[in-house]
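Scroll down for the structure; my scribbles are underneath it.
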2 protein chains.
Amino acid sequence: MSSHPPTHRKVTLNDIAAGCALSRATVSLVLRGSPLVNRETRARVERELRLQGYVYNRAAANLRRRTSTSIALVLNDLANPFFAEFAAGVDEALAAAGYVTLLGCTGESASREQAVLSSLLEHGPAGIILSPAEHSNAQDVLAAIGPLSPLLLFNRELGGVAPEKARWDQLALDNQRGARLATEHLIERGHRRIAFFGGHHDSSSCSQRRAGFVEAMQAADLPVEPAWQIECAPTRLDAAHRTAALFGGDAAPTAAVCYNDAVALGLMLGLNQRGLRPGKDFALTGFDDIAEAALGMPPLTTLSTAPHERGMQAAQLMLQRLHEPHTPNRQTIAPVKLVIRASSCPPPAF
Amino acid sequence: MSSHPPTHRKVTLNDIAAGCALSRATVSLVLRGSPLVNRETRARVERELRLQGYVYNRAAANLRRRTSTSIALVLNDLANPFFAEFAAGVDEALAAAGYVTLLGCTGESASREQAVLSSLLEHGPAGIILSPAEHSNAQDVLAAIGPLSPLLLFNRELGGVAPEKARWDQLALDNQRGARLATEHLIERGHRRIAFFGGHHDSSSCSQRRAGFVEAMQAADLPVEPAWQIECAPTRLDAAHRTAALFGGDAAPTAAVCYNDAVALGLMLGLNQRGLRPGKDFALTGFDDIAEAALGMPPLTTLSTAPHERGMQAAQLMLQRLHEPHTPNRQTIAPVKLVIRASSCPPPAF
DNA sequence: ATGCAGATTTGGAACGATCCAAATGTAACT
DNA sequence: AGTTACATTTGGATCGTTCCAAATCTGCAT
C-alpha cells in the first residue's frame, strides 16, 4: 500500500483520517492527547501523522476554540540592548509556555505605535506587552486595543488616564530607589556637589529617578542645585553635547548621577573633551548596566536591571493575567542592584 | 435606535452586517476596499465598523484564502546587538509590507531551534528567516519546516547538504573580502607578523574570514604562522582568556585580525592585563561595527555590516521570494565597509 | 436472548472570514 | 413591453480545526 505521491497541498486532519480509515474527530482527539482514544488506534494515527508530514494548523484550531496562543510584544527600540535582552527573556518564557511572540517595533513614534498595535491585534494575540513610545498616550492605546486584550505596560507609564482607572498591569523598575542608592553611594564617597544629568522631564522614569536623587540629597542635607539638573535626550551624542552645561557657574559639581548608561557614556566623552578624566577628576553613575558599562574607560558604576529576567517576569505576569482575567490590576516594581565600579571615585580634593 | 449594549463577545462581520441590514459578503467587500460596492453603502458600513469597534480577524481570513501574513524570524542570539538591530530592520520592512513578525530565539542550541521552528510553523508563517544555531544541520531544519515554506538563511551556512541541492535563499556578509580588507590595512600600516584571532573553525563565517586573511597575507608574501591562528568562542570573556596564546613563542605578532568585535574587545582586555596598550603597542581589528566599537579605548577599526539595513534587505528578499516562488535560489552577498579607527596603529618599532 | 455500563468512535454544526455563481435593481435602447 | 447592459448585492459552500450529542462496540451479569 503506497502513500499518495507527495502533493504540494498542505496535509490536513482529513488526509490523516482518510489514511487511517478513521474520522476527523478521532484524529483530533489523538492530536490533543485525549485519554479517550484506544492505545492501538492512537499508534496508528501517530504513524500516519509522521508518514504524511502533518503540521498542526493552530490558526484553525484557535479560530474554533476561540483561544489564542500568541502574545504581542511591542517595543519602542529593539536596537537598544536593554530592550533586546528584555525581548529575549520574554520570548524564552513565552516559548516555554507554548506561546509564540508577535514582534512589533515602534521606533519611539506614537503614530507608528498605533499602526503596529492595530496590525498586531488583527492577528488576535491573547495579550499585549508594551513598552510605550515617548509621547504615546493612554487614550489612543486603549482605543487601538479595545476592551478585550489584557495589556502589560513595561518600563514607562502611559499618560492621560488616572492611575485608578487604568485597566492594565504594569512592570516597572525601581527607578527611585536605584537613583537614591547611586546618590547615597556618591555622598558616602565624599561628594557634596552632585548633579543630576540627562533624560527628559516628561518621561516618567526620569522623574522617578530624579525623585530618588533629591530624596538622597535632602536626607544628607545637601543642596539640590537647580543649575545642575540638566536635561538631554537619552543618547550618548546629546549627552556629550550638553556636558558644558555642568560647568557654567563659578562652582562646578564634582559628580553626576546620570539618567542612564547611554547618557553616562556620553558624559564621559564630553568630560574627556574638556580635559577632565572621568573616574579621577569627576565621578559619575549610570543606570541599566548595559554590556558596555563594564568595559568603559573607566568601567561605569551603575544600576543593574537584569533585562533578561525582567523579560521572563513580564511574560510570567502576562501568563498569570491570562489565567485569571478578573483579578485586580497589579503594579510590579522590580528591584535594581547597585554595581560599583571605578567611575564613582572620591572627589579629587578629598 | 440604540446599538446593542457593549457585550464582551468579539464583534464579527455578522454583527456589522446585521447592524447595516446587509449581507456578510457586502461587508467583506467593503473591508477589502472593493470598487464594486456603492459609495453610500460603503460609508454606512464604515460608520458601523467604527461604531461597534470591529477588529479584523486575519486568522480567519487567512484560513479561507489559504494565505498568510506573517513571517517567522528565528535568531540564534537576540541579546547580541548585531542580531537585535537586524531584527529591528526585518520587522520594520515587514511591517511596511503589511506582514507581522513571529519571533523565535534559539540561544545557539540546535535542539531548541528544532522546537522553536516547529512551534512557529504551526502558526503558518508565509516564510522563515533563519540565522542558524551553531551546530544546526540542514537535515533537521528541512525536516522541521517541510517542503512548503520558503526559507532564507542569514549570516551562517547550514551544513549537511550540498549547496547545489539547497532549497533556500541566502543572505550572507562578504566575510572573506572584509577580512582581506582588514588584513591589507594592517599590512599597509607596516605590520608583518599578524595573527588571526577568535572564532570556531567549524563556523562558516569564521572560515570565510580566515580565508580572506590568508589571501591578503599570501598576496603580500607574508607567512601565515599556524601558532597565531587562535580559536576561541566568539565572546569577550573567552577572548580575554585566550590572549596569552598569542605570546607563547619567541617572536610575538604585532597585530591581530579578530573574528568579530566581541572578540576584539575581549582581546583588548587581555592585552591591558599583560601591560600592552592596544592601539599603541599592538594593533587589532574587529568585525561588525557594533555600537561599542566606536567607544572602545581605543576606538576599534572594524568592518561595518549595517545590520539594520541587512534586516531590511532580508525582509525584501523574503517578500520577493513569496512573490515569485519558482525563481531559482538566490545567494546574496552583502558588502561590508572598512571603518578605520585608532586601534589599527602602526607597529611600535616602525 | 436482553439489558446495561464503559470504552471508543463519529457526523455535523460551529468559528469568522472569502469566494463564486447567481440574483436583484436600474437605466437605456430597440 | 422586451431586451440588454451594467452596477450592486447576496446565499451558501468552504478553509482546517474543535465541540457535542449521539452512535457503535464490547463484555458481562441477568
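A note on names: the letters A, B, ... follow the listed sequences, proteins ahead of strands, and every chain is numbered from 1.
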Legend entry - Passing option when Thr332(A) is tested against Gln313(A), Arg310(A), Gln170(A) for side-chain contact (heavy atoms from CB on, under 4.5 Å): Gln313(A)

Legend entry - 5′-ward residue of the pair Val37(B)/Arg65(B) relative to DNA chain D: Val37(B)

Inset, instruction - Could you tell me whether Leu31(A) contacts a base, only the sugar-phosphate backbone, or nothing, with contacts defined as non-hydrogen atoms closer than 4.0 Å? - result: nothing

Legend entry - dT10(C) OP1/OP2 closer than 4.0 Å to side-chain N/O of Ser23(A): yes

Legend entry - Shortest side-chain distance from Arg66(A), nucleotide among dT9(D), dT18(C), dC15(C): dC15(C)

Legend entry - Full working for side chain to side chain donor-acceptor pair (under 3.5 Å) between Gln316(A) and Gln320(A): CA-CA 6 Å; Gln316(A) 295 303 347; Gln320(A) 282 173 35; 5.5 Å; no

Inset, instruction - Round to the nearest Å and state the distance from Asn62(B) atom CG to dC19(C) atom C1'. - result: 15 Å

Inset, instruction - Could you tell me the separation between the CG atom of Asn57(A) and the C1' atom of dC15(C), rounded to a whole number of Å? - result: 13 Å

Legend entry - Selection from dT9(D), dG16(C), dA17(C) that lies nearest to any side-chain heavy atom of Leu36(B): dT9(D)

Legend entry - Whole angstrom value for the distance that separates C1' of dT10(D) from CG of Leu22(B): 10 Å

Legend entry - Phosphate contact (dA17(C) OP1 or OP2) by Ser28(B) side-chain N/O below 4.0 Å: no

Legend entry - Euclidean distance, atom CG of residue Leu63(A) to atom P of dT18(D) [Å, nearest integer]: 11 Å

Legend entry - Whole angstrom value for the distance that separates P of dC15(D) from CG of Asp15(A): 11 Å

Inset, instruction - Quick one: label Thr26(B) by what it contacts on the DNA or RNA (base, sugar-phosphate, nothing), any heavy atom closer than 4.0 Å. - result: base

Inset, instruction - Indicate the ring-plane relationship of Phe154(A) and Phe82(A), choosing parallel, tilted or perpendicular according to the 30° and 60° boundaries. - result: parallel

Inset, instruction - Could you tell me whether Arg156(A) and Glu108(A) make a salt bridge, using a distance below 4.0 angstrom between a side-chain N and a carboxylate O? - result: yes

Legend entry - Gap separating the CG atom of Leu158(B) from the CH2 atom of Trp168(B), nearest 0.5 angstrom: 5.0 Å

Legend entry - Spacing between Leu13(A) atom CG and dG12(C) atom C1', to the nearest angstrom: 15 Å

Inset, instruction - Give a yes/no on whether any side-chain N or O of Arg32(A) is located under 4.0 angstrom from OP1 or OP2 of dT18(D). - result: yes

Inset, instruction - Enumerate the residues from residues 38-45 of chain A whose closest heavy atom to DNA chain C is under 4.0 Å, giving them by residue number; use none for an empty result. - result: Asn38(A), Thr41(A)

Inset, instruction - Please tell me which of the listed nucleotides, dT18(C), dG16(D), dA17(C), lies nearest to the side chain of Ala60(A)? - result: dG16(D)

Inset, instruction - Can you see which heavy atom on Tyr99(A) is nearest to which on Ser68(A), and at what distance? - result: CE2-O, 3.8 Å

Inset, instruction - May I have the distance from Arg24(A) (atom CZ) to dT10(C) (atom P), rounded to whole angstrom? - result: 11 Å

Inset, instruction - Say whether, by atom type as modelled, one donor and one acceptor occur between the side chain of Thr106(A) and the main chain of Glu113(A) under 3.5 angstrom. - result: no

Inset, instruction - Can you figure out which of dG16(C), dT9(D), dT18(D) approaches the side chain of Arg9(B) most closely? - result: dG16(C)

Inset, instruction - Could you check how far CG of Leu29(A) sits from P of dT9(C), rounded to whole Å? - result: 9 Å

Inset, instruction - Write down the atom of Ser23(B), the atom of Ala17(B), and the distance for their closest heavy-atom approach. - result: C-CB, 3.8 Å

Legend entry - Options dG16(D), dC19(D), dA13(C), nucleotide nearest the side-chain atoms of Ala25(A): dC19(D)

Inset, instruction - Select base, sugar-phosphate, or nothing to describe what Ala61(B) touches, counting heavy atoms under 4.0 Å on all strands. - result: sugar-phosphate

Legend entry - Check: Arg64(A) side chain, dT18(D) base, donor-acceptor under 3.5 Å: yes

